[in-house]
Amino acid sequence: MSETSIEISILASLREIDAAEWDACAAPEASDGGRPNDPFTTHRFLSALEDSRSVGTGTGWQPQYLTARADDELIATAPLYAKGHSQGEYIFDHNWAQAYERAGGRYYPKLQMAVPFTPATGRRFLVKPGFEEAGMAALTQGAVQIADQNNLSSLHITFCTEAERAAGRNMGLLERTSQQYHWLNQGYADFDDFLTALAARKRKAIRKERTQAQAFGGRIVALTGDQIQPEHWDAFWVFYQDTGARKWGTPYLTRAFFDAAQETLRDDILLVLAERDGQYVAGALNMIGRETLYGRYWGCTEHHACLHFELCYYQAIEFAINNGLQRVEAGAQGDHKLARGYMPVPTHSLHWIRDPGLRDAIANYLEAEAAAVSEDIEILTSYGPFKKTIMEEQQ
């Protein structure tokens, strides 16, 4: 590969590339007919964002998908976007932007290598097997060159894998450590088997919460694939709008995204809904990967005790156990997840900063932040709900 020239191109739309060609880099493991490791980097998911105008003109997420070809063979791709703000990223750099602009710099636009609105760890350098080192190097150099030549302040590669973090650090990128809560499947036979791993008081609390949730006066259904019908999205759109308005001011996804999800993504989705008196009153949307269930959105039109915990956390754990999944990623933030079996884990990002002064200041900040995050994870883990011997094993 070292003697082969690699051509980097920018695509303004995924319509410019065949889905199978993209997915050969994004999800080569799915060539056996199984699920992709990461459903979010597939052509169908990213296309749903684009076709529904959840990204694109006017959203602050302008697609600049990178491709790398060697001898006309596509060897790597990356979901890259020009950003006009820092919303929908979940790795917060607002204070960097404010400091730089106070000093007279221009922070936006910047480049973001990420899946929009999706705080889930996965490969950001989508490299075809056999081209790992050359593909990542080419994409990194291409993205940095684009940012530098266009006088952009920075490049951010968020929620990358541990392997990508290490490789990026060796290439001179700044590394950042953040923290999320994930549930890990220790080979549990069923939900009760999981509960036996918890301290008695925590086990009792979860059982009480599940009883309270189930007493909301209706039924809970878990739907996937062809079980999901258009009317379910009508209900979930209402839930999503309510949550989006409260959290972000304006929901990130358009209504058309959920129509696209019905057409092309429903096999990748677990939709958990609570129905009472013939009306859906709450729901949680999850994406299904090869080994991981990703909790993404929750909303409701009625508030019932513990229903949020049941739909978002306990139903997800049950689905993961029943389907042999190894983990549940419960999304960004939320210390309340700890008591429900979701343990703190580090997440990683990489950053290139054009201005040397800003870069040095951010590098110092990230070093201190990483130490604080590591300490927080250690402390939080000690407060986890598992029996002491199990806690020690997890540490």
Side-chain angles (χ1 to χ4, degrees), residues 6-31 33 35-85 87-89 109-118 120 122-128 131 135 138-139 142-143 145-147 150 152 155-159 230 233 237 251-269 287 289 296:
I6 298 177
E7 180 184 355
I8 299 293
S9 299
I10 301 173
L11 304 181
S13 170
L14 283 179
R15 297 186 187 91
E16 299 176 29
I17 188 169
D18 180 73
E21 190 176 31
W22 176 279
D23 287 344
C25 295
E29 68 283 350
S31 63
R35 294 189 182 278
N37 289 333
D38 180 358
F40 301 111
T41 55
T42 60
H43 191 279
R44 58 183 176 272
F45 184 87
L46 295 173
S47 291
L49 291 178
E50 185 183 323
D51 294 344
S52 66
R53 299 187 179 180
S54 298
V55 301
T57 303
T59 68
W61 289 83
Q62 194 63 39
Q64 303 281 293
Y65 309 109
L66 281 189
T67 63
R69 293 183 183 273
D71 295 331
D72 291 329
E73 178 185 3
L74 185 70
I75 66 167
T77 64
L80 185 68
Y81 299 83
K83 288 297 305 295
H85 51 62
Q87 276 73 54
E89 298 169 8
K110 61 178 184 176
L111 288 182
Q112 193 83 17
M113 191 179 293
V115 177
F117 328 123
T118 307
R123 288 189 305 135
R124 296 297 169 255
F125 301 89
L126 310 178
V127 182
K128 187 177 291 185
F131 298 93
L139 291 173
Q145 187 175 17
I146 292 167
N150 289 278
L152 303 184
L155 162 69
H156 308 269
I157 303 154
T158 45
F159 294 102
W233 294 119
W237 171 244
Y252 293 138
L253 300 174
T254 65
R255 177 64 180 85
F257 173 83
F258 297 100
D259 292 332
Q262 176 65 17
E263 291 299 316
T264 63
L265 298 173
R266 63 182 184 272
D267 288 340
D268 301 317
I269 289 173
M287 295 292 293
R296 290 305 300 115

Sequence neighbours excluded and cut-off under 3.5 Å, please list the side-chain donor-acceptor pairs for residues 70-81, or say none.
| residue | atom | partner | partner atom | Å |
| --- | --- | --- | --- | --- |
| Glu73 | OE2 | Lys128 | NZ | 3.4 |

Practice task
Before accepting this row, confirm whether a basic side-chain N of the pair Asp51/Arg15 lies closer than 4.0 Å to the acidic partner's carboxylate O.
Solution key: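 Looking at Asp51 and Arg15, the cut-off is met.
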Measuring from atom [atom1] of [X] to atom [atom2] of [Y], what distance do you get when rounded to the nearest 0.5 angstrom?
X: Ser13; Y: Tyr65; atom1: OG; atom2: OH; value: 6.5 Å
X: Leu152; Y: Lys83; atom1: CG; atom2: NZ; value: 13.0 Å
X: Gln145; Y: Leu155; atom1: CD; atom2: CG; value: 12.5 Å
X: Leu14; Y: His43; atom1: CG; atom2: NE2; value: 4.5 Å
X: Leu126; Y: Trp22; atom1: CG; atom2: CH2; value: 6.0 Å
X: Trp237; Y: Thr254; atom1: CH2; atom2: OG1; value: 6.5 Å

Under the side-chain hydrogen bond (donor to acceptor under 3.5 Å, both in side chains) test, which residues partner [X], sequence neighbours left out?
X: Lys110; result: Ser86, Glu89, Asp93
X: Thr158; result: Gln112
X: Asn37; result: none

Pairwise side-chain contact, [X] with [Y], heavy-atom cut-off 4.5 Å (strictly under):
X: Asp38; Y: Met287; result: no
X: Phe159; Y: Val115; result: no
X: Leu66; Y: Ile10; result: yes

Problem - Mutual orientation of the aromatic rings belonging to Phe117 and Trp61 [parallel < 30°, tilted 30-60°, perpendicular > 60°] - result: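 Correct class here is perpendicular.
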Practice task
Quick one: list whatever passes ring-ring contact (aromatic ring centres under 6.0 Å, His included) with Phe40, sequence neighbours left out.
Solution key: Phe45, Tyr294
If every non-hydrogen atom of [X] is compared with every non-hydrogen atom of [Y], which pair is closest and at what distance?
X: Arg123; Y: Pro28; value: NH2-CD, 3.7 Å
X: Thr42; Y: Pro36; value: CG2-CG, 3.9 Å
X: Ala82; Y: Gln64; value: N-CG, 3.9 Å
X: Ala261; Y: Ile269; value: CB-CD1, 3.9 Å
X: Ala138; Y: Ile8; value: O-CD1, 3.6 Å
X: Gly56; Y: Pro63; value: CA-CD, 3.9 Å

Exercise for the section: Count the heavy atoms belonging to other residues, nucleotides or ligands that lie under 6.0 Å from CZ of Arg255, then report whether that count exceeds 12. Expected result: yes
Problem - Of all pairs that satisfy salt bridge (charged side-chain N to carboxylate O under 4.0 Å, His left out), the ones with a partner from residues 18-27, not counting sequence neighbours - result: Glu21-Arg69
Exam field: side chain [X] to backbone [Y], donor-acceptor pair closer than 3.5 Å:
X: Ser52; Y: Leu49; result: yes
X: Thr118; Y: Pro116; result: yes
X: Trp233; Y: Phe257; result: no

Exercise for the section: Go through the steps to decide whether Asp268 and Arg44 satisfy the test side chain to side chain contact (heavy atoms under 4.5 Å, CB included), and finish with yes or no. Expected result: CA-CA 10 Å; Asp268 301 317; Arg44 58 183 176 272; 2.7 Å; yes
